Participant: 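Have a look at this one before I ask anything.
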Amino acid sequence: MRLGLVLSEAAQGLRRNASMVVSVVLVTFISLTFVGAAILMQMQIGQMKNFWYEKAQVGIYMCTAISPGETCTEGEASQDQIDAVKKRLESPTLAPFIDKYYFETHEQAFENFKKQFAGNPVADYVTADQLNQTFWVNLKDPSESDVLVEALSGVPGVESVADQRKYLDQIFSVLNAASYTAIGIAALMLVAAALLIATTIRLSAFSRRRELGIMRLVGASNRFIQTPFILEGVFAALLGSVLAGGAVVAIVHWFVQGYLGARFTGFALVGLDDAIIVVPILLVAGAILAAFSANFAITRYLKV
């Protein structure tokens with residue numbers, strides 16, 4: 001097979017169908033950008049889970065004077081009940097699971113509440129004695145929080161035992177839903193890109209049907225005839241993939257690291273290293289998509 005002739009045929013096809021090629025580039029660019037964004041979002045969710053789950057605490061809320069429930073029938077938790085909970089936390093049964101803990105009094109809880117709700121009218125109606133005194137416990141393995149919940153739920157003076165990871169799971173569920181939405185949009189766009197590539201190749205073959213007939217008469221193989229058309233699709237899709245890769249890197253550099261990084265300094269965000277991992281995935285995905293679509297289209301056309 002003469003490589004120079006094949007490449008010249010592919011270049012000629014690209015020039016003849018310039019508008020369709022631009023359409024393929026744009027559709028591939030948009031669809032693969034969504035794919036890259038979805039991958040980066042999953043990476044970010046994974047990093048956030050590792051970061052926040054390690055910091056997640058178990059809150060042991062002691063009864064207040066207005067707490068409902070069977071364990072709070074005597075009103076506010078007494079000092080003896082607080083000491084009993086502390087003794088359980090330091091017992092040989094629970095101590096191996098606990099990294100550290102501290103006790104938050106009414107006054108400390110009220111100060112934290114005022115900081116959290118500064119400027120909110122609700123802060124004017126809450127008093128210190130209405131807020132629970134709380135044991136905040138950091139576990140060595142946050143996934144073993146059920147041990148603490150089972151051991152202290154129902155203990156006199158304890159209103160409730162709450163694992164903060166349950167609140168984090170709700171946030172991550174929303175983020176996962178957004179990620180899956182991006183994946184769904186990307187899948188639809190990839191289908192559109194595949195159909196557009198196939199249509200472009202068939203139109204290109206139709207416009208050169210006389211040349212293809214002559215090539216068949218002189219004994220050109222199907223592989224020789226098909227290769228220029230496949231190269232057209234691969235070139236257009238690769239160009240779109242490169243643009244998508246550049247967009248992903250730009251988003252991470254200027255938006256994630258630049259804009260969000262300056263405002264969310266408390267935890268790690270995806271960086272350029274993660275974006276560079278995604279770029280080859282987009283390039284390979286674009287090439288495979290184009291090669292498959294183009295090969296399918298030209299093979300079907302030559303059989304007609």
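Since the structure is predicted, the reported quantities are computational estimates derived from the model, not experimental observations.
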Participant: How long is the gap from OH on Tyr102 to CD on Gln57, to the nearest 0.5 Å?
Facilitator: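 Result: 4.5 Å between the selected atoms.
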Participant: Determine whether a donor-acceptor pair (N or O, by modelled atom type, separation under 3.5 Å) exists between the side chain of Asp274 and the backbone of Gly271.
Facilitator: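 Indeed, once roles are kept as given, a pair shorter than 3.5 Å links the two residues.
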Participant: Is Ile281 reachable from Val284 through a run of hydrophobic residues whose side-chain heavy atoms are each under 4.5 Å from the next?
Facilitator: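 Val284 does not cluster with Ile281.
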Participant: Kindly write out the residues that satisfy side chain to side chain donor-acceptor pair (under 3.5 Å) with Tyr61, not counting sequence neighbours, or none if the list is empty.
Facilitator: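 Applying side chain to side chain donor-acceptor pair (under 3.5 Å) to Tyr61 gives none.
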Participant: State whether a side-chain donor-acceptor pair under 3.5 Å links Asn112 with Gln108.
Facilitator: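 Judged by distance alone, the side chains do not pair up.
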Participant: Are any side-chain N or O atoms of Gln257 and backbone N or O atoms of Val270, one a donor and one an acceptor, separated by less than 3.5 Å?
Facilitator: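 Looks like yes, one N/O pair under 3.5 Å.
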Participant: Holding to side chain to side chain donor-acceptor pair (under 3.5 Å), I want the full list of residues that pass it with Ser67, two or more places apart in sequence or in another chain.
Facilitator: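 Thr64, Glu159.
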Participant: Indicate yes or no for a side-chain donor-acceptor contact from Ser31 to the backbone of Thr28 under 3.5 Å, with no hydrogens or angles considered.
Facilitator: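 Yes; judged by distance alone, with no hydrogens or angles, the pair exists.
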Participant: I want to check something: taking the side chain as every heavy atom from C-beta on, are Leu190 and Leu32 in contact at a cut-off of under 4.5 Å?
Facilitator: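 Result yes, sub-4.5 Å side-chain heavy-atom pair found.
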Participant: Per the side chain to side chain contact (heavy atoms under 4.5 Å, CB included) rule, which among Val161, Leu148, Thr71 passes with Ser153?
Facilitator: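 Running side chain to side chain contact (heavy atoms under 4.5 Å, CB included) over Val161, Leu148, Thr71 with Ser153 returns exactly one hit, Val161.
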Participant: Membership question, hydrophobic clusters at under 4.5 Å side-chain separation (ILVMFWY): are Tyr259 and Val256 in the same one?
Facilitator: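 Yes, it is one cluster - the side chains of Val256 and Tyr259 are joined through contacts under 4.5 Å.
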Participant: Between CD of Glu150 and CG of Leu94, what distance do you get to the nearest 0.5 Å?
Facilitator: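 The CD atom of Glu150 sits 11.0 Å away from the CG atom of Leu94.
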Participant: Would you find a donor on one side and an acceptor on the other, under 3.5 Å apart, between the side chain of Thr93 and the backbone of Ser91?
Facilitator: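 Judged by distance alone, no pair lies under 3.5 Å.
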Participant: Please determine which of Met43, Gln44, Gln42 meets the side chain to side chain contact (heavy atoms under 4.5 Å, CB included) test together with Leu40.
Facilitator: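 Single side chain to side chain contact (heavy atoms under 4.5 Å, CB included) partner of Leu40 among Met43, Gln44, Gln42: Met43.
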Participant: For Thr127 and Asp129, which I'm curious about, is there any donor-acceptor pair between the side chains at under 3.5 Å?
Facilitator: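 There is such a pair between these side chains.
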